[in-house]
Amino acid sequence: QVQLVESGGGSVQAGGSLSLSCAVSGYTYSTYCIGWFRQAPGKDREGVAGIRSIGGSTYYADSVKGRFTIAQDNGKNMLYLQMNALKPEDTAMYYCAAAGAIACDSRYRGAADFGYWGQGTQVTVSS
């Protein structure tokens, strides 16, 4: 049974930084796509960043490029998201999600392409 457990959310002022973590367990395939999504009240869930478990290729939403960094530690089965220069519009519930490796392909990467989800962690950025 795949389990994803996020931690590290919180409140910060604009311009500040936060780091999110996701503990991954139960995924039986060595090659997969894992990433971060976010959902603000009244908005659709959107992809923030993703990384392929083997090879480590990454992708980012245009809105976070240059500010957020996704990383993984396969030895510890951990996924991270370092968020710098945070803006009020980054306020959302952040979710860790996993899927087969093809989900990292540019033709996919949407929420519907990911089958495993964590419970989410709240990030609030005040102006």
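Residue numbers count from 1 along this sequence.
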Say you draw a straight line from [atom1] of [X] to [atom2] of [Y]; how long is it, rounded to the nearest 0.5 Å?
X: Leu79; Y: Ile34; atom1: CG; atom2: CD1; value: 4.5 Å
X: Cys33; Y: Arg109; atom1: SG; atom2: CZ; value: 8.0 Å
X: Leu86; Y: Thr124; atom1: CG; atom2: OG1; value: 10.5 Å
X: Cys96; Y: Gln3; atom1: SG; atom2: CD; value: 12.0 Å
X: Asp113; Y: Asp105; atom1: CG; atom2: CG; value: 9.5 Å

What pairs of donor and acceptor atoms, side-chain ones from residues 9-23 against any protein atom, are under 3.5 angstrom apart with sequence neighbours left out?
| unit_1 | atom_1 | unit_2 | atom_2 | d |
| --- | --- | --- | --- | --- |
| Ser17 | OG | Asn84 | OD1 | 2.9 |

Each residue besides Met78 in its hydrophobic cluster should be listed here, by chain and number; the cluster joins Ile, Leu, Val, Met, Phe, Trp and Tyr at side-chain heavy-atom distances under 4.5 Å.
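Tyr80, listed by chain and number.
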Using salt bridge (Lys or Arg N to Asp or Glu O under 4.0 Å) as the criterion, list what pairs up with Glu46, not counting sequence neighbours.
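Checked Glu46 against salt bridge (Lys or Arg N to Asp or Glu O under 4.0 Å); matches are Arg38.
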Could you pull out all residues at least two apart from [X] that satisfy side chain to side chain contact (heavy atoms under 4.5 Å, CB included)?
X: Gln39; answer: Arg45, Tyr95
X: Gln119; answer: Val5, Glu6
X: Ala40; answer: Lys43, Ala92

Can you tell me which residue pairs pass the ring-ring contact (aromatic ring centres under 6.0 Å, His included) test with a partner in residues 105-127, sequence neighbours excluded?
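Output for this query lists Tyr27-Tyr116, Phe37-Phe114, Phe37-Trp117.
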Side chain to side chain contact (heavy atoms under 4.5 Å, CB included) assessment of Thr91 paired with Gln122:
CA-CA 8 Å; Thr91 294; Gln122 178 67 37; 4.0 Å; yes
Please report, to 0.1 Å, the donor-acceptor pairs under 3.5 Å made by any side chain of residues 52-59, with sequence neighbours excluded.
| unit_1 | atom_1 | unit_2 | atom_2 | d |
| --- | --- | --- | --- | --- |
| Arg52 | NH1 | Ala101 | O | 3.2 |
| Ser53 | OG | Ser30 | O | 2.8 |
| Ser53 | OG | Tyr32 | N | 2.7 |
| Ser53 | OG | Tyr32 | O | 3.2 |

Pairs satisfying salt bridge (Lys or Arg N to Asp or Glu O under 4.0 Å), at least one member in residues 21-35, at least two apart:
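Sorted result for residues 21-35: empty, none.
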Can you pull the side-chain hydrogen bond (donor to acceptor under 3.5 Å, both in side chains) pairs that have at least one residue in residues 64-79, sequence neighbours excluded?
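Qualifying pairs: Asp62-Lys65, Arg67-Asp90.
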If a pair satisfies disulfide bond (SG atoms under 2.5 Å apart) and one of its residues is in residues 52-84, list it, with sequence neighbours excluded.
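Qualifying pairs, neighbours excluded: none.
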Side-chain heavy-atom pair Ser7, Thr121 within 4.5 angstrom cut-off:
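Not in contact.
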